[in-house]
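Heads up, the thing below is written out as structure tokens.
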Amino acid sequence: MIRSNPTLTTILTRRIAFFAMLAMLVQLVVVFSDYYWNVGELSRLYVEQETERLASAVEVSGGIIAFRMPEALSPRYANRQTGYVARIRDSQGNLIFESCDDACESRFLPAEVNPPDFWLRIVTPGKPLTLVGGRAFNIGGHRILVDVATMNDPQNLVSDVFWNEVLEHMIVPMSILLGLVLGATILSVRRALKPVKAAADAADLIDPLDSRSHLPIEGMPREIAHLAVAVNRAFQRVGELMRSQRILTSAIAHEVRTPLAAIKLELGRIDHPRARKADADLDDLVHFVSQLTALARLDTFDHGMFEDVDLIVLCAGVAEQLAPWVYENKHSLEMSARVDIAIVRAVPALLKDALRNLIENAVRHTPESTSIIIRVAESGIQVEDRLHVERGGSGHQTHNSEGLGIGLKIVERIAELHGGSLQRSASPHGQTFELLLPVSKSQ
């Protein structure tokens, strides 16, 4: 759902583009109003642009001046009845091109007059335009005089003049300005949001129980950095509360274990079968309290304790530690490794607790003479309980589900904290529990 929201860069780009277009529209209305009612300015622009078009067709080669009418202008000056006339001369008054009769010749400046670089005379005020004007151009070292006139502007060239002026002096400059502003804004926003994005990525991985986990504020804008500091402070408070919960849980467990130990001591002084039965039940209760305490502590440990752990070394240590207890309960314990080395990112103490629970679970809920087999793979640990079956005998299916249902819950929770899972499979001779863990990147 977050991915469907537009980015801040997109929002700013849209808003800048919108207001830029709005500004261009307002400016267009202002320019249109100014030019439309200013006949003198329109007339000046008309003479400038029309004479420039004609002058672009004049060529000087070897001292010879030639003129070739552009195809776009040919229909306009094809005859004297189109409403547009033109005359092109050199500085000595020699005629280069003319589309005018004697009647309109009188409207231009006399041939013997040396005209200025620009001149304009409005014949009839208002629109449509009726005017006469001219400009002087320096082409190939020669001074070329171009005169134009229009009577009532039958082709409405004034609109072309207007839009050409808008394009050259408003749309093009503002488009360049808009591009620069958008580019600078996008670049600035991306650079400003770079630490914010880093903080957002860190927020997905933040853990209140990891003393190293926090939102980085280096290079972040002050307003957002203030929010990040508040978030860090809130997560720090959550971590403190969860650590307080761990202390409370430990205190409760200690208070419960003390009277249980006293009761067990008193039962040991009674020589009666029922006392032995109560003593065994009390051992289960003590074990349950220990497991319950361990389960409560899982959510409050410091996640900064993760390190690279060799599963072969870890399993060998737990097997060596639990082997006497397993043999006392008339079971056997063996260990095998399918790889030479198996490195995972984990908390050694938690993995040891998980392996102990799997072994204890197999010992407590299987018949005597069951083989407990530990196998170490590249990405996990397998614990199988296998009952030896005599030839012709029937197989045995172990239960492997604790009466109080805490041991396997602890193993599942430890697997989840490590980003792994606990899988269970059954066979005619027993069951196999596989603790899958992600392989360390450093392996």
Side-chain angles (χ1 to χ4, degrees), residues 260 264 267-268 271-292 294-295 311-339 342 350-412 414-415 421-437:
L260 289 179
K264 184 176 177 59
L267 287 174
D271 185 13
H272 195 276
R274 289 186 177 180
R276 303 284 75 75
K277 178 62 171 62
D279 195 14
D281 292 341
L282 194 60
D283 287 338
D284 290 339
L285 183 58
V286 171
H287 179 70
F288 170 69
V289 172
S290 299
Q291 297 283 56
L292 189 63
L295 183 61
L311 293 180
I312 298 177
V313 176
L314 184 141
C315 292
V318 175
E320 182 180 355
Q321 190 178 45
L322 291 183
W325 177 77
V326 173
Y327 293 133
E328 286 178 4
N329 284 272
K330 299 180 181 180
H331 291 70
S332 64
L333 181 65
E334 62 179 277
M335 173 188 160
S336 64
R338 298 178 178 177
V339 292
L350 293 184
L351 282 190
K352 290 179 181 179
D353 288 343
L355 184 57
R356 288 194 196 97
N357 274 283
L358 291 176
I359 296 174
E360 292 177 2
N361 184 68
V363 171
R364 291 176 182 275
H365 302 285
T366 56
E368 296 180 357
S369 301
T370 298
S371 296
I372 311 299
I373 304 172
I374 305 173
R375 300 187 185 92
V376 181
E378 183 178 1
S379 60
I381 305 170
Q382 289 183 353
V383 177
E384 179 185 3
D385 55 86
R386 177 180 294 179
L387 179 66
H388 295 286
V389 181
E390 300 291 340
R391 182 173 297 179
S394 58
H396 171 75
Q397 179 68 47
T398 57
H399 294 290
N400 259 331
S401 57
E402 296 188 24
L404 297 175
I406 295 295
L408 295 181
K409 292 294 184 182
I410 293 176
V411 179
E412 288 179 354
I414 292 175
S421 61
L422 178 65
Q423 296 184 358
R424 178 176 181 174
S425 59
S427 69
H429 305 295
Q431 297 194 47
T432 301
F433 289 89
E434 186 172 8
L435 180 62
L436 297 177
L437 300 170

- prompt: Under 4.5 Å between any side-chain heavy atoms of Gln382 and Arg338, yes or no?
  reply: yes
Ile374 side, atom CD1; Leu358 side, atom CG - distance, nearest 0.5 Å: 9.0 Å
- prompt: What do the steps show when you test Ser421 against Gln423 for side-chain contact (heavy atoms from CB on, under 4.5 Å), and what is the final call?
  reply: CA-CA 6 Å; Ser421 61; Gln423 296 184 358; 4.2 Å; yes
task: With rounding to the nearest 0.5 Å, note down the distance linking CZ in Arg386 to OG in Ser332.
output: 10.5 Å
- prompt: How about Leu311 and Leu437: do any of their side-chain heavy atoms sit closer than 4.5 Å?
  reply: yes
- prompt: Taking atom CD of Glu384 and atom CD1 of Ile372, what is their separation to the nearest 0.5 Å?
  reply: 9.0 Å
- request: Identify the two heavy atoms, one from Val376 and one from Ala342, that lie closest to each other, and give their separation to 0.1 Å.
  value: CG1-CB, 4.2 Å
- prompt: Minimum heavy-atom separation for Ala377 to Val339, with atom names?
  reply: C-CG2, 4.0 Å
query: Of all heavy-atom pairs between Ile414 and Leu350, which one has the smallest distance, and what is that distance?
result: CD1-O, 3.3 Å
task: Hey, could you give me the OG1/CG distance between Thr370 and Asn329, rounded to the nearest 0.5 Å?
output: 11.0 Å
- prompt: Are Ser371 and His331 close enough that a side-chain donor and a side-chain acceptor fall under 3.5 Å?
  reply: no
field: Minimum heavy-atom distance Leu355-Val383, with the two atoms named
entry: CD1-CG2, 3.7 Å
- request: Apply the side chain to side chain contact (heavy atoms under 4.5 Å, CB included) test between Arg424 and each candidate in Gln431, Glu434, Glu412; give the one that qualifies.
  value: Gln431
- prompt: What distance do Leu351 atom CG and Leu314 atom CG have between them, rounded to the nearest 0.5 Å?
  reply: 5.5 Å
field: Least distance between heavy atoms, Pro367 atom then Leu387 atom
entry: CG-CD2, 4.5 Å
- prompt: Residues in side-chain hydrogen bond (donor to acceptor under 3.5 Å, both in side chains) with Arg356, at least two apart?
  reply: Gln321, Asp353
message: Working to the nearest 0.5 angstrom, can you tell me the gap between Asp385 CG and Phe433 CZ?
response: 7.5 Å
- prompt: Short question: side chain of Thr366, backbone of Ala362 - any donor-acceptor pair under 3.5 Å?
  reply: yes
